[in-house]
> 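Just passing along the structure, written as structure tokens.
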Number of protein chains: 2
Amino acid sequence: MSIQAVAKKAGVSVATVSRAFNFPDKVTPATRMLVEQVARELGYLPNASARTLRTQRSRVLGVVLPTLLNPTFAECLHGIASAAHAAGYAILPLTTAYEIAQEEEAVGRLIAANVDGMILVVSNPGTSAALARLQAGHGPYVLAYNRHPGHPCVSVDSEAASAEVVQRLVALGHRRIAMVSGTLAASDRAQQRYRGYLKGMAAAGLKAPPLLEVPFVETAVDAVSRHLRQRDRPTALFCSNDLLAIRSIRAAAQAGLQVPRDLAVVGFDGIALGEDLTPMLSTVAQPNSEIGARSVELLVQALASGQRLAPSSGLLLPHAFRAGESCGPVSSRKAD
Amino acid sequence: MSIQAVAKKAGVSVATVSRAFNFPDKVTPATRMLVEQVARELGYLPNASARTLRTQRSRVLGVVLPTLLNPTFAECLHGIASAAHAAGYAILPLTTAYEIAQEEEAVGRLIAANVDGMILVVSNPGTSAALARLQAGHGPYVLAYNRHPGHPCVSVDSEAASAEVVQRLVALGHRRIAMVSGTLAASDRAQQRYRGYLKGMAAAGLKAPPLLEVPFVETAVDAVSRHLRQRDRPTALFCSNDLLAIRSIRAAAQAGLQVPRDLAVVGFDGIALGEDLTPMLSTVAQPNSEIGARSVELLVQALASGQRLAPSSGLLLPHAFRAGESCGPVSSRKAD
DNA sequence: CTGTTAGCGCTTTCAA
DNA sequence: TTGAAAGCGCTAACAG
């Protein structure tokens, strides 16, 4: 079904059909209705590739995410998809499995696909070759979750949020507060969260035990559980993300500890599922869906004005500590 | 960066550049290397829209899913994305929020986007206008999770799996086994699972209590909890999906019951997160990622052979009961 | 208000 | 082995 067929059947020119679709008020109502009628009969749908080729805009936004298996990013993509749809854009999502090489490849594929703009979550904005390439041209882009002065970013203040978590745990009587994280090098978020933790500990005059860095999710439960069997085990665990927090709760059970009675566990991310768990997960809730939606809005705005996005146009969205049942006061058994 | 620029700089024709990329052995090695060199220098990437317009294939697969907020579908999309990438395809995912009207709209958008094929999860294959449209033309498609004799489907045998769950619960001593489901009308899966449950109950000579249909997720916990406070409350709950199972565990706690001691809870879907929960979720594990991957494979195969997919080419993948800690024998307190 | 036409970047005959 | 040229479906001057 092409515009030609519609034109012929309606007895008008292709230009008129095109106008009827794109600028309905540039044709007489009679013509417009005729064209619409014929188009409907023929089941005509404008060919997106032809339109893109001609106009040099695809109305597609590229999205680069680490993975969809972490609900954080699935929620974010949900927000992106909704906002994009509302603004008349489709999305082309690519995942990187946290691998730098895949970030670069993804950007290349998106450029080739003529996306109008990109939203990306990268490992490390400071050293990303993919970003360097984007800065060289190829339309506007925004980083989500990342934070870096050289790029427009939509995120929360992870560092402050983490320090705040420590402060809350201290207020609950905890002194031995350990942090559990995935590979620090794998993401700037992990680094920011750890930095915030250290800051919080220092502010409370506490000595931070060594970071429990868990390289592989498969072994997370065992690693944490082993850690919890030590003498002078922590009474509270601050986990770098909700998935780790969930596994830490499991690790606690495995070590014979009950959450929150024997161990307080706090996560980071605010995945929706956390609210349905028993015990309900305590976490730093990020507006995941909104992070995605706002990123789209920035992009759409930039697209409309023909500008690229300045680093200063980024957004720092509010986070909120979600007090769940996985976090309670230190018990007398644990206090020393 | 167009093919023209590369041709000019390399001192060859555009046809040669095109061949160097698409049929490397149709040009002399020297020419090929020259072209590749120049292309690299210029950062040339073939324009996907132009290629699509010319060849009438986009190398994009459309995906229609209910939502990304249910990890089941996020996992499936993960499988789709991986398999598609491996086969040289990109994906264009659209979500419908379980709304029929959105299914139709999505299919329209995908057709306009020139996708080469589609993978969809619909509410009800039997009555779907979107599917009727696909059957009329527009390339091959596969349904995932759905099951219907008139369409190629990749799924598990939900009915048998559900009957099997009942059988296991009965073997554990349970007699009062209730089923919790979302709106039955919203999906054929829910209907199949309920049918399997009824079958299983009948096979065990048990009377099935009325289905506990929970229309809104927001009220699920309250509804189930209220149900659990009744006299002659069930000793086991079979939930139509894992998200409901997780909420049911919460509902149990709210009703003062401990899982699995006072109540056995079994889900359906096999989301990865279930294995990390405490208690670990008992569930019917579907190979979610594989369902996506196999759907892609069918599509790619059909695309290669230029055939559309026959309903009989669908796949019934094996499910597995994943015995978690949320399900145990009926306790003496509960047995009557 | 409507029609004619060039051309977006690419692939693919057809000829050389 | 390589080049010239047509044309995929559409939009946007430009002309009428």
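Sequence lines set the chain letters: A, B, ... in the order given, protein chains first and strands last, and positions in each chain run from 1.
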> Report all side-chain donor-acceptor pairs from residues 24-33 of chain A shorter than 3.5 Å, counting only partners two or more places apart or in another chain.
{"unit_1": "A/T28", "atom_1": "OG1", "unit_2": "A/T31", "atom_2": "OG1", "d": "2.3"}

> Heavy atom of residues 3-19 of chain A under 4.0 Å from DNA chain D: which residues?
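Within this stretch, A/I3, A/A15, A/S18, A/R19 sit under 4.0 Å of the strand.
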> If the condition is side-chain contact (heavy atoms from CB on, under 4.5 Å), which residues does B/I111 pass it with, not counting sequence neighbours?
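Counting only residues at least two positions away or on another chain, B/I111 forms a side-chain contact (heavy atoms from CB on, under 4.5 Å) with A/L45, B/V107, B/M118, B/R133, B/H138.
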> Restricting to side-chain contact (heavy atoms from CB on, under 4.5 Å), what partner residues turn up for B/Q56, sequence neighbours left out?
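Partners of B/Q56 by the side-chain contact (heavy atoms from CB on, under 4.5 Å) criterion come out as none, since no residue qualifies.
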> Kindly compute the distance separating CD (A/E103) from CG (A/L94), expressed to the nearest 0.5 Å.
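Here the interatomic distance stands at 11.5 Å.
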> Just to be sure I understand the rule, does B/Y44 reach a base, reach only the sugar-phosphate, or reach nothing, if contact means heavy atoms closer than 4.0 Å?
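Since only primed, P, OP1 and OP2 atoms lie under 4.0 Å of B/Y44, the category is sugar-phosphate.
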> With a 4.0 Å heavy-atom cut-off, tell me which residues in residues 46-56 of chain A come close to DNA chain D, sorted by residue number.
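A/P46, A/N47, A/A50, A/R51, A/R54, A/T55, in order of number.
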> Going by ring-ring contact (aromatic ring centres under 6.0 Å, His included), name the pairs with one or both residues in residues 19-44 of chain B, residues two or more places apart or in two chains.
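Listed by first then second residue: B/F21-B/Y44.
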> Can you pull out every ring-ring contact (aromatic ring centres under 6.0 Å, His included) where at least one residue sits in residues 49-84 of chain A? Sequence neighbours excluded, please.
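Qualifying pairs, neighbours excluded: A/F73-A/Y145.
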> Going by heavy atoms in the side chains, are A/Y89 and A/L303 under 4.5 Å from each other?
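Yes, close enough: below the 4.5 Å cut-off.
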> How long is the span from the CG atom in B/N288 to the CD1 atom in B/I80, to the nearest 0.5 Å?
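Between B/N288 CG and B/I80 CD1, I get 10.5 Å after rounding to 0.5 Å.
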> Rounded at 0.5 Å granularity, tell me how far CZ in A/R308 sits from CG in A/L134.
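Those atoms lie 8.0 Å apart.
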> Would you say that A/L92 contacts A/R109 through its side chain, given a criterion of any heavy-atom pair below 4.5 Å between the two side chains?
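No; the side chains remain at least 4.5 Å from each other.
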> Give the first and the last nucleotide of DNA chain C, reading 5' to 3', that has any atom under 4.0 Å from a heavy atom of chain A.
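Answer, 5' to 3': C/dC1 to C/dG9.
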> What's the CG-P distance between B/D25 and D/dT2, to the nearest Å?
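About 12 Å, once rounded to whole Å.
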> Which residue pairs pass the ring-ring contact (aromatic ring centres under 6.0 Å, His included) test when at least one of the two sits in residues 100-126 of chain B, sequence neighbours left out?
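Listed by first then second residue: nothing to list.
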> Which ring-ring contact (aromatic ring centres under 6.0 Å, His included) pairs, counting each pair once, include a residue from residues 291-312 of chain A, with sequence neighbours left out?
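Pairs touching residues 291-312 of chain A that pass the test: none.
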> Looking at residues at least two apart in the chain, or sitting in another chain, which of them share a side-chain contact (heavy atoms from CB on, under 4.5 Å) with B/Q192?
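Applying side-chain contact (heavy atoms from CB on, under 4.5 Å) to B/Q192 gives B/R147, B/S158, B/D188, B/R195.
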> Given axes from five pairs at either end, by how many degrees does the helix from C/dC1-D/dG16 to C/dA16-D/dT1 bend, rounded to 10°?
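Axis angle across the helix from C/dC1-D/dG16 to C/dA16-D/dT1, nearest 10°: 40°.
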> Taking CZ from A/R57 and C1' from D/dG9, how many angstroms apart are they, rounded to a whole number?
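Distance, rounded to whole Å: 18 Å.
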